[in-house]
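The structure follows.
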Amino acid sequence: IAIRNEQGRAVRMVGSTGDITDRYSMEQALARERERLALLVRATKAGFMDWDALADTCVYSERFKEMLGHPPDADTSAWPALFDLMHAEDRTPMREAFRAMLRQGAATGERLHGPLEYRLRKSDGSYLWVRAESIAQIGADGRTERLLTSYIDITPLREMNLALEESVRLREEVDRIGRHDLKTPLNSIIGIPRLLRDSGRLAAEDAELLAFVEQAGYRLLNMVNLSLDMFQMERGSYTFTPRAVDLNGVLDKVVRDLEAHARSKRVGVRIEGPRLYALAEELLCFSMFANLVKNAVEASPEGGTVLLTLTGDEKRVTVGVHNAGAVPETVRARF
């Protein structure tokens, strides 16, 4: 401070010096944290809205403005309420979700909300999908005083999901067409043996062979129909409709189908046990046991026997498939 004489000239200077090292260090650390936070925000490409519930005012980040197609320095004082920016189909459910959030109970401190997904209107009238997550500051009276919400543009992800759903739909359509195209020749394979057998001009052995062809055709037709069921199982949308299935009859069909294959390997297949029924789907049982028994035949040593056993009571039925030989050491861990 300058002390001046009557002519206004400084005749004395009094000064003070303070140590601001700690404050300077804190300011530098705060500046680094702000820079780090800004980099993180840019990396996540997230926009933010800060709602002061007491004053009912909103502050939007530059990124949020850009997401909606506005310049970073756009004046938002005349912007409508956030709910008015939402798509008409999303407005009501999001308003209900917001009210439910406010009714969560009186608890001071901070409370997390979300994520929620909805559409916001851009400056050109189009909409983008956002995922919103919020943190609320709760006052001593249990009311929300401030709400900070982050927004991430998930429009590309939604479009990718729609494309995936369309791909699944096309796959189902291709499967349906494929089954239709396969059924046409299969119907001939099934129908011709019956016509030949009904003609009465065949020897008993020939008629039996044609009956075998006809049965195999029916099973193949069922497997074609099963292809869509398998696809639905993978998606978790399959409807299981169990009925009483004669397991002995299913295993008899499996053994007959694999008889030539087993004979070529000089492997016998034997069924032991009482006649048992299970609540299941016959076609699925046939497919499962056919794979298991075929694997057992192929893994059995030459001259061996594959034994199929049936045991059970009123509550549980067990079908065992056993073959001689050992699982190789190299595959036991992932068998």
Side-chain angles (χ1 to χ4, degrees), residues 37-38 40-139 141-173 232 234-237:
L37 177 60
L40 178 62
V41 169
R42 287 202 295 273
T44 59
K45 297 183 179 180
F48 292 90
M49 180 194 71
D50 188 355
W51 176 52
D52 185 338
L54 300 179
D56 193 19
T57 57
C58 286
V59 176
Y60 304 95
S61 70
E62 293 182 355
R63 171 58 185 159
F64 184 82
K65 298 175 188 178
E66 291 174 350
M67 289 167 61
L68 297 186
H70 298 279
D73 58 350
D75 180 11
T76 62
S77 59
W79 276 23
L82 184 70
F83 291 113
D84 293 329
L85 290 174
M86 292 182 186
H87 193 282
E89 296 176 359
D90 303 330
R91 196 172 299 145
T92 298
M94 290 304 106
R95 197 184 295 272
E96 289 300 318
F98 182 74
R99 289 172 178 167
M101 175 196 74
L102 296 180
R103 292 194 299 265
Q104 281 188 356
T108 58
E110 297 177 348
R111 188 188 302 152
L112 298 175
H113 301 284
L116 297 174
E117 295 183 1
Y118 47 84
R119 287 161 288 185
L120 292 177
R121 186 174 67 251
K122 299 176 65 175
S123 59
D124 60 2
S126 63
Y127 287 86
L128 81 158
W129 278 95
V130 296
R131 178 181 287 121
E133 297 187 63
S134 303
I135 182 169
Q137 290 184 341
I138 312 300
D141 58 356
R143 298 179 61 183
T144 299
E145 296 180 348
R146 186 183 182 191
L147 186 72
L148 184 64
T149 306
S150 67
Y151 296 92
I152 296 178
D153 183 357
I154 61 169
T155 305
L157 179 62
R158 297 283 302 201
E159 292 174 349
M160 190 188 314
N161 288 339
L162 288 175
L164 181 60
E165 291 174 2
E166 178 64 13
S167 175
V168 170
R169 188 194 66 78
L170 288 175
R171 178 180 169 183
E172 291 177 343
E173 186 66 14
Q232 290 175 338
E234 293 175 359
R235 297 183 62 194
S237 59

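The figures that follow rest on heavy atoms only: side chains count, while hydrogens, waters and symmetry mates do not. Starting from 1, each residue takes its place in the sequence as its number.
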Any salt bridge between Arg146 and Asp52, counting N to O under 4.0 Å? no
Contact check, side chains of Glu117 and Ile154, non-hydrogen atoms, under 4.5 Å: yes
Apply the test side chain to side chain contact (heavy atoms under 4.5 Å, CB included) to residues Lys65 and Thr76: give CA-CA distance (whole Å), side-chain angles for both, the deciding distance (0.1 Å), then the verdict. CA-CA 9 Å; Lys65 298 175 188 178; Thr76 62; 3.6 Å; yes
Reported CD1-to-NE2 distance for the pair Ile135 and His113, which is rounded to 0.5 angstrom: 9.0 Å
Any non-hydrogen side-chain atom of Leu120 less than 4.5 Å from a side-chain atom of Met86? yes
Arg121 side chain to Asp84 backbone, donor-acceptor under 3.5 Å: yes
Does NZ or CZ of Arg91 lie under 6.0 Å from the centre of the six-membered ring of Phe83, at an angle within 45° of the ring axis? no
Atom pair CG/OH of Asp90 and Tyr127 - distance to nearest 0.5 Å: 9.0 Å
As an exercise, state the distance from CG of Asn161 to CH2 of Trp129, rounded to the nearest 0.5 Å. 11.0 Å
Contact between Met49 and Leu148 at the side-chain level, heavy atoms closer than 4.5 Å - yes or no? no
Show the numbers, then the answer: is there a ring pair (Phe, Tyr, Trp, His ring centres under 6.0 Å) between His70 and Trp79? CA-CA 11 Å; His70 298 279; Trp79 276 23; 4.8 Å; yes
Counting C-beta onward and ignoring hydrogens, is there a side-chain heavy-atom pair between Met67 and Val130 closer than 4.5 Å? yes
Taking NZ, NE, NH1 and NH2 as the nitrogens, is one of them in Asp153 or Lys45 under 4.0 Å from a carboxylate oxygen of the other? no
Taking Lys122 for the side chain and Gly69 for the main chain, is one N or O donor matched with an acceptor at less than 3.5 Å? no
Between atom CZ of Arg158 and atom CZ of Arg131, what is the distance when rounded to the nearest 0.5 Å? 9.0 Å
Arg99/Glu96 salt bridge by N-O under 4.0 Å criterion: yes
Closest contact, heavy atoms only, Ala136 versus Thr144: CB-CG2, 4.1 Å
Polar side-chain atom of Ser134 near backbone of Thr149 as donor-acceptor pair, under 3.5 Å: no
Distance col, row Thr155:OG1 vs Met160:CE, nearest 0.5 angstrom, shows 11.5 Å
Which distance, rounded to the nearest 0.5 Å, do you find between the CD of Glu66 and the CG of Leu68? 10.5 Å
Angle class for the Tyr118/Tyr151 ring planes (parallel below 30°, perpendicular above 60°, tilted otherwise)? perpendicular
Counting N and O atoms only, with roles assigned by atom type, does the side chain of Ser61 sit under 3.5 Å from a partner on the main chain of Gly47, one being a donor and the other an acceptor? no
Neighbour count >12 (heavy atoms, 6.0 Å) for atom CD, Glu62: no
Between Arg63 and Ala46, what is the shortest heavy-atom contact and its length? CG-O, 3.1 Å
When you compare the side chain of Phe64 with that of Asp50, does any pair of heavy atoms fall below 4.5 Å? no
Given the rule in the side chain to side chain contact (heavy atoms under 4.5 Å, CB included) test, do Arg119 and Leu128 qualify, once you have shown the distances and angles that lead to the verdict? CA-CA 5 Å; Arg119 287 161 288 185; Leu128 81 158; over 6 Å; no
